[in-house]
Amino acid sequence: MEKQETAFEFIKAHNPDWATLAKEFESLLFKDVDASLVKARKLTELVIKDVYKFEEIEYPEYTNQSERLVLLKNYGVIDEELFKLFDRIRRMGNRAAHDDRKTPIADGLKVHNNLYSILKWFMESYVSYDIQVPEYQDPKPETLDDTVKNLLKELLPEFLNKSTIRTAPDQDVSADELPELHGSRLLFQLNRLRESSQDAVEGYKGLSGFKQYLHVSRPIEKRLENYLRECAKAENSRLILLCGSVGDGKSHLISYFSTKYPELMDQFKIHNDATESFDPRKNSLDTLAEVLDAFSDERIESSKEKLIVAINLGVLNNFIESEYAETKYNKLKEFIQNANVFDSNTISMPPEHEHFKLINFADYKSFELTANGQVSGYLTELFKKITDNTADNPFYQAYLQDREANVAKPLLINYEMFSSPSLQQQIIQLIIKTIIKDKVIISTRELLNFIYDILVPNTVDELRTADFIDMLQSLLPNLLFEGTEKSYLLKILAKHDPIHMRVKEVDEHLIELNNSGDFYMFFRDIIFDSSAQIWINHLKTIDDIAYLDKDTKRELCELFIRAAFLFKSHLNVFFKDDVYSKYMKYLYAYNSGKKPLLQDLYYEIQKAIYLWKGSPKNNYIFIDDEGGKIRIAEPLTLKPSVITIDNKNAKEYVERFTTTLLLGFKCESHNEIHKVEIDFPLYEMVIKVLNGYKLNKKNKEDSIKFIDFIDKLLPYGKQVEEILVKDMEHHLTFTIKYNEEFESYSFSREQ
């Protein structure tokens with residue numbers, strides 16, 4: 001079909017004046033986008049007037065466009081999708097007419113596409129069912145000056161294709177010449193946090209200025225510095241082992257010290273097991289054996305080599321079990337085994353040794369335990385690095401420049417949201433909960449990528465809008481809980497989305513919202529956090545809830561629930577997870593040696609042991625499987641034998657700790673201590689059972705270790721002296737007892 005002069009030329013067949021108005025809209029799009037949007041709004045108002053005429057519905061003269069659209073939707077004339085198109089043009093036209101700030105050209109392009117869809121629908125529905133409306137065509141400017149050429153090059157190819165955000169080049173830049181990515185300086189800086197960015201790759205020769213800015217001191221850093229200075233002064237050979245998992249910061253820490261203390265680090269050889277191999281024909285164990293040669297049993301006393309080895313625990317474990325360790329490195333093997341680095345239930349305690357030092361990154365979590373709950377100095381400082389109002393913060397300086405240019409509006413709002421101290425702390429608590437509850441190991445690299453994911457909209461199209469309703473899916477609270485496809489961390493965090501919690505008070509407030517209809521006043525009254533007021537002000541532009549489409553209502557309600565959870569609000573207390581809070585208090589007590597604080601935990605687990613197998617009465621436990629008509633129980637009396645971590649350095653802030661609890665029990669008349677490991681998922685199930693929950697098959701499979709522990713207790717009961725027989729069908733109970741004096745059994749029925 002021959003190309004039209006404008007995308008809307010086909011409407012001339014119905015109304016030449018409409019075609020003229022549409023042409024004026026398209027002509028103004030690249031000259032004065034706000035004036036063009038006013039034209040588009042006027043045209044849709046005329047369309048709606050004709051729709052009323054064709055449908056033979058009395059036109060409501062003294063109503064506004066919102067009310068007319070709602071009436072047509074209620075009559076079934078327009079569906080939700082069409083309603084959204086009309087409403088977007090209405091909103092953007094109003095904004096263009098009444099707001100002093102310039103509308104982004106991307107919003108104008110979106111309206112251009114929406115207007116085409118509306119006019120196509122009108123022609124096919126009311127003018128002629130047989131009409132052939134030409135395919136959509138991009139708007140074309142009347143003159144191609146440099147500004148227009150840049151707009152076309154930057155926007156049109158990506159607008160309809162919804163291009164994903166391209167990667168920025170990696171470079172260090174000064175604050176006064178911050179480069180742009182897709183027109184945004186802030187986007188350029190945030191892009192450097194991505195795992196795909198070159199900035200994510202660590203070497204150990206030194207840190208770039210950008211990485212030096214992002215560096216956050218951690219307790220492990222001071223310990224390594226002390227080891228380095230001690231080993232540097234020593235006259236004999238010294239080996240420092242940095243153990244941990246992938247991405248936990250081993251390489252970064254070496255790079256940091258190489259930058260900060262180059263003269264000190266020059267005294268050491270450095271081997272990063274994850275990245276180095278001298279010979280492609282050799283595997284990691286062969287290479288490691290070669291690197292450690294100076295610390296072999298034969299050479300260790302005569303060598304004067306100083307070596308730092310960054311190594312993953314899995315590789316280290318394979319090495320000490322290899323033939324190399326058996327034949328050549330017995331002293332090193334013994335040292336590593338005595339350090340308990342592979343035991344998840346303890347903190348590594350490397351013995352003093354004249355040649356070896358070991359630091360286990362697994363002992364140092366990204367948070368600390370306190371009597372008043374868990375905190376994270378590391379995550380707090382890392383988040384502040386992104387949002388601090390300082391001259392040396394490239395993110396903040398980029399934000400200021402973007403705000404001045406009024407670009408990337410959703411990104412600016414997300415940055416303002418993330419700058420809230422209360423929101424940062426709530427996200428930190430979410431991350432800690434994920435580590436504890438879902439057993440997720442989160443590296444610094446993943447954390448930086450996470451910041452990018454929750455701040456940056458998914459596509460360029462989403463980045464370029466000034467319309468708050470169009471931004472909803474791109475706002476931080478939604479990116480935080482709906483990014484399941486972006487990363488494993490976001491997929492896990494989605495399980496903790498507050499919209500899935502059944503909270504009576506939240507439901508009551510949502511009913512109140514539907515009655516009041518005013519989103520701005522509703523959000524402002526419930527979310528009292530002062531740092532939230534900036535973005536809440538954007539809700540002033542949103543009409544009464546009755547005039548919104550179904551999807552927008554849902555998205556606004558979801559935003560409300562998530563924002564009330566993330567910011568300080570009157571609903572915070574109702575989102576509290578009491579079971580998790582109790583577990584974290586027990587974790588603090590266990591890792592700080594505070595036995596009295598574990599009393600309730602032992603009571604809960606002891607009671608759960610009987611409920612897991614079933615118990616006909618106090619201090620009796622069934623020794624057979626559930627389901628039979630006749631069941632047998634034995635007397636079993638348990639006594640706590642309290643275990644805690646011998647954590648000599650634990651004070652108010654516990655920095656090195658385990659995330660599971662080890663409990664000990666003795667059976668009456670026996671001195672042997674039986675140990676059971678309790679993690680959060682098991683503890684959560686214990687509380688459910690104590691509250692009357694009946695275990696299903698999957699629950700029992702998930703808690704197989706706990707069941708095995710209980711089964712190991714059964715032989716220590718008094719079944720030789722007494723058993724209880726329970727007739728489950730007739731609800732009768734019989735006791736069989738052994739009389740040692742007469743070497744006989746007695747049989748009786750209990751009343």
Chemist: So that I can tick it off, tell me whether R95 and D467 are bridged by a salt bridge, with the cut-off set at under 4.0 angstrom between side-chain N and carboxylate O.
Modeler: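 Here D467 does not pair with R95 in a salt bridge, since their nearest N and O are not under 4.0 Å apart.
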Chemist: Judged by atom type as modelled, is there a donor-acceptor pair below 3.5 Å linking the side chain of S27 to the main-chain atoms of E24?
Modeler: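 Between the backbone of E24 and the side chain of S27 there is no qualifying donor-acceptor contact (under 3.5 Å).
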Chemist: Under a 4.0 Å threshold between the charged nitrogen and the carboxylate oxygen, would R90 count as salt-bridged to D87?
Modeler: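 Between R90 and D87 there is a salt bridge, with a charged N closer than 4.0 Å to a carboxylate O.
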Chemist: Taking the side chain as everything from C-beta on, heavy atoms only, tell me whether I435 gets closer than 4.5 Å to I492.
Modeler: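 They are not in contact (no side-chain heavy atoms under 4.5 Å apart), so the answer is no.
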Chemist: Give me each pair satisfying ring pair (Phe, Tyr, Trp, His ring centres under 6.0 Å) with a member in residues 54-94, each pair once, sequence neighbours excluded.
Modeler: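 For residues 54-94: Y52-Y59, F54-F122, F54-Y126.
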Chemist: How close do V33 and G108 get, heavy atom to heavy atom, and via which atoms?
Modeler: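 Looking at all heavy atoms of both residues, the closest pair is CG2-CA, 4.0 Å.
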Chemist: Answer yes or no: is there a donor N or O on one side and an acceptor on the other, between the side chain of D549 and the main chain of K84, under 3.5 Å?
Modeler: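 The answer is no, because no donor-acceptor pair under 3.5 Å joins these two groups.
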Chemist: From N393 CG over to L400 CG, what is the distance, rounded to the nearest 0.5 angstrom?
Modeler: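 If I round to the nearest 0.5 Å, the distance is 9.0 Å.
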Chemist: Please determine, by modelled atom types, if R185 and Q401 share a side-chain donor-acceptor pair under 3.5 angstrom.
Modeler: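 Yes - a donor-acceptor pair under 3.5 Å links their side chains.
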Chemist: Do other residues, nucleotides or ligands put more than 12 heavy atoms under 6.0 Å from the CD atom of Q473?
Modeler: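 At most 12 heavy atoms, drawn from other residues, nucleotides or ligands, come within 6.0 Å of this atom.
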Chemist: To the nearest 0.5 Å, what is the distance between CZ (F481) and CG (D497)?
Modeler: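 The CG atom of D497 is 5.5 Å from CZ of F481, to the nearest 0.5 Å.
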Chemist: How would you list all residue pairs meeting salt bridge (charged side-chain N to carboxylate O under 4.0 Å, His left out) that involve residues 48-71, not counting sequence neighbours?
Modeler: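 As it turns out, there is no salt bridge (charged side-chain N to carboxylate O under 4.0 Å, His left out) pair with a partner in residues 48-71 once direct neighbours are skipped.
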Chemist: Quick one: list whatever passes salt bridge (Lys or Arg N to Asp or Glu O under 4.0 Å) with D79, sequence neighbours left out.
Modeler: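 Listed in chain order: nothing, the list is empty.
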Chemist: Kindly check if the number of other-residue, nucleotide or ligand heavy atoms within 6.0 Å of CD (E508) is above 12?
Modeler: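 Check passes, neighbour count above 12.
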Chemist: In terms of side-chain heavy atoms, does S420 have a donor or acceptor partner in Q426 at a distance below 3.5 Å?
Modeler: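 The answer is no; no qualifying pair exists.
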Chemist: After noting the C-alpha distance and the side-chain angles of E558 and R554, does the key distance pass the salt bridge (charged side-chain N to carboxylate O under 4.0 Å, His left out) rule?
Modeler: CA-CA 6 Å; E558 289 177 352; R554 174 185 54 77; 3.4 Å; yes
Chemist: I'd like to know if E124 pairs up with K120 as an ion pair, taking the criterion as any Lys NZ or Arg NE/NH1/NH2 lying under 4.0 Å from an Asp or Glu carboxylate oxygen.
Modeler: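 So E124 pairs with K120 through a salt bridge.
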Chemist: Taking only residues two or more places apart in sequence or in another chain, which ones pass salt bridge (Lys or Arg N to Asp or Glu O under 4.0 Å) with K433?
Modeler: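 K433 satisfies salt bridge (Lys or Arg N to Asp or Glu O under 4.0 Å) with D577 once adjacent residues are dropped.
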Chemist: So, S184 side chain and L181 main chain: donor-acceptor pair closer than 3.5 Å or not?
Modeler: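 A pair under 3.5 Å: no.
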Chemist: Looking at K553, I want to see if its NZ is surrounded by more than 12 non-hydrogen atoms of other residues, nucleotides or ligands under 6.0 Å.
Modeler: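 Yes.
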Chemist: Short question: side chain of T552, backbone of L548 - any donor-acceptor pair under 3.5 Å?
Modeler: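 No: the side chain of T552 does not pair with the backbone of L548.
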Chemist: Give a yes-or-no answer on whether the side chains of T380 and Q424 include a donor-acceptor pair shorter than 3.5 Å.
Modeler: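 Looking only at side-chain atoms, Q424 and T380 do not form any donor-acceptor pair under 3.5 Å.
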Chemist: Measure centre to centre between the rings of H496 and F565, then say whether the value is under 6.0 Å.
Modeler: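 When the ring centroids of H496 and F565 are compared, they turn out to be at least 6.0 Å apart.
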Chemist: L46 and L21: side chain to side chain contact (heavy atoms under 4.5 Å, CB included), yes or no, with the steps?
Modeler: CA-CA 11 Å; L46 295 173; L21 193 55; 4.0 Å; yes
Chemist: Calculate, to the nearest 0.5 Å, the distance between atoms CG and CG belonging to D453 and L493 respectively.
Modeler: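 If I round to the nearest 0.5 Å, the distance is 10.5 Å.
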Chemist: A side-chain contact here means heavy atoms from C-beta on lying under 4.5 Å apart; do D518 and I542 qualify?
Modeler: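 With C-beta onward as the side chain, the pair stays apart.
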Chemist: To the nearest 0.5 Å, how far apart are NZ in K23 and NZ in K39?
Modeler: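 Those atoms lie 13.0 Å apart.
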Chemist: Do R502 and D507 meet the salt-bridge criterion of a basic N to acidic O distance under 4.0 Å?
Modeler: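 Looking at R502 together with D507, the answer is yes, because their closest N to O distance falls below 4.0 Å.
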Chemist: When you measure from the side chain of E80 to the backbone of K550, do you find a donor-acceptor pair of N or O atoms at a distance under 3.5 Å?
Modeler: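 Judged by distance alone, yes, a pair lies under 3.5 Å.
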Chemist: Output yes when a side-chain donor or acceptor of N537 lies under 3.5 Å from a complementary backbone atom of Q533, and no otherwise.
Modeler: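 Side chain of N537 to backbone of Q533: a pair is present.
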Chemist: Answer with yes or no whether the side chains of E416 and Y399 bring together a donor and an acceptor at under 3.5 Å.
Modeler: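 Yes, E416 and Y399 have a side-chain donor paired with an acceptor closer than 3.5 Å.
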Chemist: I'd like to know if the side chain of T390 pairs up with that of D388 as donor and acceptor (distance under 3.5 Å, no hydrogens or angles considered).
Modeler: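 No, no side-chain donor-acceptor contact under 3.5 Å.
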Chemist: What pair of heavy atoms forms the shortest contact from Y415 to T387, and how long is it?
Modeler: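 Minimum heavy-atom contact is OH-CA, 3.3 Å.
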Chemist: Among side-chain atoms of N114 and S117, is any donor-acceptor pair under 3.5 angstrom?
Modeler: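 Checked: N114/S117 side chains show no N/O donor-acceptor pair below 3.5 Å.
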Chemist: Heavy atoms only: give me the nearest P410-L463 pair and the separation to one decimal.
Modeler: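 For P410 and L463, the tightest heavy-atom pair comes out as CD-O, 3.2 Å.
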Chemist: So which heavy atom on V456 is nearest to which on L479, and how close?
Modeler: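 Looking at all heavy atoms of both residues, the closest pair is O-CD1, 3.8 Å.
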Chemist: Quick one: do L513 and L556 satisfy side chain to side chain contact (heavy atoms under 4.5 Å, CB included)? Show the steps, please.
Modeler: CA-CA 11 Å; L513 167 62; L556 282 165; over 6 Å; no
Chemist: Applying side chain to side chain contact (heavy atoms under 4.5 Å, CB included), run through F25 and F8 and close with a yes or a no.
Modeler: CA-CA 10 Å; F25 157 68; F8 315 108; 3.8 Å; yes
Chemist: Are M123 and F10 packed together at the side-chain level, in the sense that at least one heavy-atom pair is separated by less than 4.5 angstrom?
Modeler: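 Yes; the side chains approach each other to less than 4.5 Å.
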Chemist: Quick check: does any side chain N or O of D34 sit under 3.5 Å from a backbone N or O of A96, one acting as donor and the other as acceptor?
Modeler: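 No, D34 side chain to A96 backbone: no donor-acceptor pair under 3.5 Å.
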Chemist: Can N94 and R41 be said to form a side chain to side chain contact (heavy atoms under 4.5 Å, CB included), step by step?
Modeler: CA-CA 8 Å; N94 287 346; R41 183 191 67 179; 2.5 Å; yes
Chemist: Scan for salt bridge (charged side-chain N to carboxylate O under 4.0 Å, His left out) pairs involving residues 468-482, sequence neighbours excluded, and state none if there are none.
Modeler: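 Every salt bridge (charged side-chain N to carboxylate O under 4.0 Å, His left out) pair that includes a residue of residues 468-482, provided the two are not neighbours, is R88-D470, R91-D470, K110-D470, E482-R562.
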Chemist: Using side-chain heavy atoms (C-beta onward) and a distance below 4.5 Å, is L510 in contact with I561?
Modeler: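 Yes; the side chains approach each other to less than 4.5 Å.
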Chemist: Hey, mind stepping through K495 and D438 against salt bridge (charged side-chain N to carboxylate O under 4.0 Å, His left out) and telling me if it holds?
Modeler: CA-CA 10 Å; K495 293 163 56 177; D438 304 294; 3.0 Å; yes
Chemist: Atom CZ of F418 and atom CG of L411: how far apart are they, to the nearest 0.5 Å?
Modeler: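 Those atoms lie 12.0 Å apart.
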Chemist: Would a distance-only check, ignoring hydrogens and angles, find a side-chain to backbone donor-acceptor pair under 3.5 Å from T484 to K491?
Modeler: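 Flag not set: sc T484 to bb K491 has no pair under 3.5 Å.
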Chemist: Can any side-chain N or O of D529 pair as donor or acceptor with the backbone N or O of S422 at less than 3.5 Å?
Modeler: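 No, because the side chain of D529 does not come within donor-acceptor range (under 3.5 Å) of the backbone of S422.
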Chemist: Please give me the minimum heavy-atom distance between Q189 and P179, naming the atom from each residue.
Modeler: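 Looking at all heavy atoms of both residues, the closest pair is NE2-CD, 4.4 Å.
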Chemist: Does a sphere of radius 6.0 Å around NZ in K486 hold more than 12 heavy atoms from other residues, nucleotides or ligands, not counting ones at 6.0 Å or beyond?
Modeler: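 It does: K486 NZ has more than 12 such atoms within range.
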Chemist: Show me the pairs that pass ring pair (Phe, Tyr, Trp, His ring centres under 6.0 Å) and involve residues 525-564, at least two apart or across chains.
Modeler: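 For residues 525-564, and leaving out neighbouring residues, the ring pair (Phe, Tyr, Trp, His ring centres under 6.0 Å) pairs sorted by first residue read F468-H538, F522-F560, F523-F560, F528-H570, W535-F567.
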Chemist: Looking only at heavy atoms, what is the nearest atom pair of L566 and L430, with distance?
Modeler: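 So the two residues come closest at CD2-CD1, 4.5 Å.
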Chemist: Find out whether L71 and P60 are in side-chain contact, i.e. whether some heavy atom of one side chain is under 4.5 Å from a heavy atom of the other.
Modeler: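 A side-chain contact exists here, since the closest heavy-atom pair is under 4.5 Å.
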Chemist: Counting N and O atoms only, with roles assigned by atom type, does the side chain of T465 sit under 3.5 Å from a partner on the main chain of E462, one being a donor and the other an acceptor?
Modeler: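 Pair absent, no side-chain N/O of T465 close to backbone of E462.
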Chemist: Would you call the rings of F210 and F395 parallel, tilted or perpendicular, where under 30° means parallel and over 60° means perpendicular?
Modeler: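 Tilted.
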Chemist: Enter the distance from I442:CD1 to S487:OG here, rounded to the nearest 0.5 Å.
Modeler: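 The OG atom of S487 is 9.5 Å from CD1 of I442, to the nearest 0.5 Å.
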